[in-house]
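These figures come from a predicted structure and were not determined experimentally. Note that ligands are numbered from 1 as they come in the structure, with each ligand's atoms numbered from 1 the same way.
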Amino acid sequence: MKTARPFVLINMAMSADGKIAPPHRRFVAFGSRHDHKNLLALRTTADAVMCGARTVDSALVTLDAGGAVYERQRLRAGLARQNLRVVVSGSGSVDPGAKIFHHTVSPLIVLASGQAPKSRLAKLAHFADCVKVCGKNSVALGQALGWLRREWAVNRLLCEGGGELNFELLRLGLVDELHLTICPRIIGGRDAPTIADGKGFARLAKAANLTLSRQRRIGDELFTTWCVRPESR
Ligand SMILES: NC(=O)c1ccc[n+]([C@@H]2O[C@H](COP(=O)([O-])OP(=O)(O)OC[C@H]3O[C@@H](n4cnc5c(N)ncnc54)[C@H](OP(=O)(O)O)[C@@H]3O)[C@@H](O)[C@H]2O)c1
């Protein structure tokens, strides 16, 4: 029997050539204010917001609800005032000095694996509300999502990248919906991250298949929503 897991959405802004950051991989806000509002609006629908360790290291990420207006929307929808925050860091390499660990608006969970040295986990436990080891060599994401649902009542989880974490979720068939803002720029660079990196699918037969369910144009940006087809989940 499959473990019950939350409904999982991914939200990313990408350039017209599919990049999510320049080759130096530091965070650059290349989306418009509409894209930022869209990101915060999506957060108001989620019990938890999650991202990978390199995303936390690359920017002043806090993953919070985004201010009083959004907090009120959450309360009206019957959600907690602030969403839970989740960072995936299999080896525990995420920087405990990163802003998210010092912005204490809501519980912060770190998902790690048996690969993480105990000393790193202890350091992270000092700043996070919970450090959960799930899996031996990498974070067993399916198991971790089941745990989030059971122990933290996460019914809807929004993943905000980066490319490596997104790919693992897609590879394991754990994504239900993809929100992609296509921004009117070419960033280029073979080393620039994309929305799904990692090892990639070796055969097209294994690729995640999508159905376009919504599209909206604001200025030169295209806001798209894709359902991950059931056979890819
Ligand atoms: N445009 C956008 O919307 C957007 C959004 C987010 C991020 N970004 C950009 O994306 C880049 C970061 O993406 P990225 O692909 O390099 O990294 P990432 O996905 O943010 O983080 C990768 C790290 O997450 C951990 N991880 C992910 N899946 C795991 C698994 N199954 N098991 C164990 N650990 C796992 C590992 O941490 P450990 O090394 O600790 O094991 C891995 O090194 C940055 O340039 C950022 O600015 C852009």
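Residue contact check for ligand 1: C51 places no non-hydrogen atom closer than 4.0 Å to it. At least one heavy atom of G92 sits under 4.0 Å from some atom of ligand 1.
In terms of polar-atom proximity, defined here as any N/O pair under 3.5 Å, R26 makes no such contact with ligand 1. Below 3.5 Å of separation, one finds no N or O of V94 facing any N or O of ligand 1. Distances between N or O atoms of G90 and those of ligand 1 include at least one value under 3.5 Å.
The shortest heavy-atom contact between I182 and A16 is CG2-CA, 4.1 Å. I109 and W152 get closest at one heavy-atom pair: CD1-CE2, 3.5 Å. Residues V131 and A128 share a closest heavy-atom pair of CG2-CB, 4.3 Å. Residue T194 comes nearest to I20 through the heavy atom pair O-CD1, 3.4 Å, listed as atom of the first residue, atom of the second, then distance.
If you check which protein heavy atom lies closest to atom 43 (O) of ligand 1, you get R54 NH1, 3.2 Å. Counting protein heavy atoms only, atom 1 (N) of ligand 1 is closest to A13 O, 2.8 Å. Shortest contact from atom 28 (N) of ligand 1 to any protein heavy atom: L165 CD1, 3.7 Å. Nearest protein heavy-atom neighbour of atom 8 (N) of ligand 1: I20 CD1, 3.8 Å. Of all protein heavy atoms, the one closest to atom 4 (C) of ligand 1 is M12 CE, 3.5 Å. Nearest protein heavy-atom neighbour of atom 6 (C) of ligand 1: E160 O, 3.1 Å. Ranking the protein heavy atoms by distance from atom 12 (C) of ligand 1 puts T55 OG1, 3.6 Å first. Closest protein heavy atom to atom 29 (C) of ligand 1: V88 CG1, 3.8 Å.
Of all the listed residues (V87, V139, L169), V139 holds the heavy atom that lies closest to atom 31 (N) of ligand 1. If you check each of G142, A59, G163 against atom 14 (P) of ligand 1, the one with the closest non-hydrogen atom is G163. With atom 11 (C) of ligand 1 as the reference point, the heavy atom nearest to it among G161, A196, P193 is part of P193.
Here A21 has side-chain heavy atoms under 4.0 Å from ligand 1, and that is the only part of it that gets that close. Counting heavy atoms closer than 4.0 Å to ligand 1, residue S89 contributes atoms from both its backbone and its side chain.
The number of heavy-atom neighbours closer than 6.0 Å to NE2 of H126, taken from other residues, nucleotides and ligands shown, is 12 or below. Other residues, nucleotides and ligands contribute only 12 or fewer heavy atoms inside 6.0 Å of the NE2 atom of H36.
Set against the non-hydrogen atoms of S91, the atoms of ligand 1 under 4.0 Å away are 38 (P), 39 (O), 40 (O), 41 (O). Listed by atom number, the atoms of ligand 1 under 4.0 Å from E168 heavy atoms are 31 (N). Atoms of ligand 1 found under 4.0 Å from any heavy atom of L141 (numbered from 1 in listed order, with element): 31 (N). The ligand atoms of ligand 1 that sit less than 4.0 angstrom from a heavy atom of S138 are 32 (N). Proximity to S93 (heavy-atom distance under 4.0 Å) selects the following atoms of ligand 1: 38 (P), 39 (O), 40 (O).
Note that R185 lies outside the cation-pi zone of F30, set by a 6.0 Å cut-off to the ring centre and a 45° limit from the axis.
When only modelled atom types and interatomic distance are considered, T211 and R229 share a side-chain donor-acceptor pair under 3.5 Å. Q115 and N137 share a side-chain donor-acceptor pair at under 3.5 Å. Side-chain N/O atoms of R74 and T44 include no donor and acceptor closer than 3.5 Å. Between the side chains of T45 and R156, at least one donor N or O lies within less than 3.5 Å of an accepting N or O. Side-chain contact, R216 with T225: no donor N or O sits under 3.5 Å from an acceptor N or O.
A continuous path of ILVMFWY side-chain contacts below 4.5 Å connects L180 to V228, so both sit in one hydrophobic cluster.
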Does the pair I195 and K19 meet the rule for a side chain to side chain contact (heavy atoms under 4.5 Å, CB included), with working shown? CA-CA 7 Å; I195 62 159; K19 311 296 186 189; over 6 Å; no

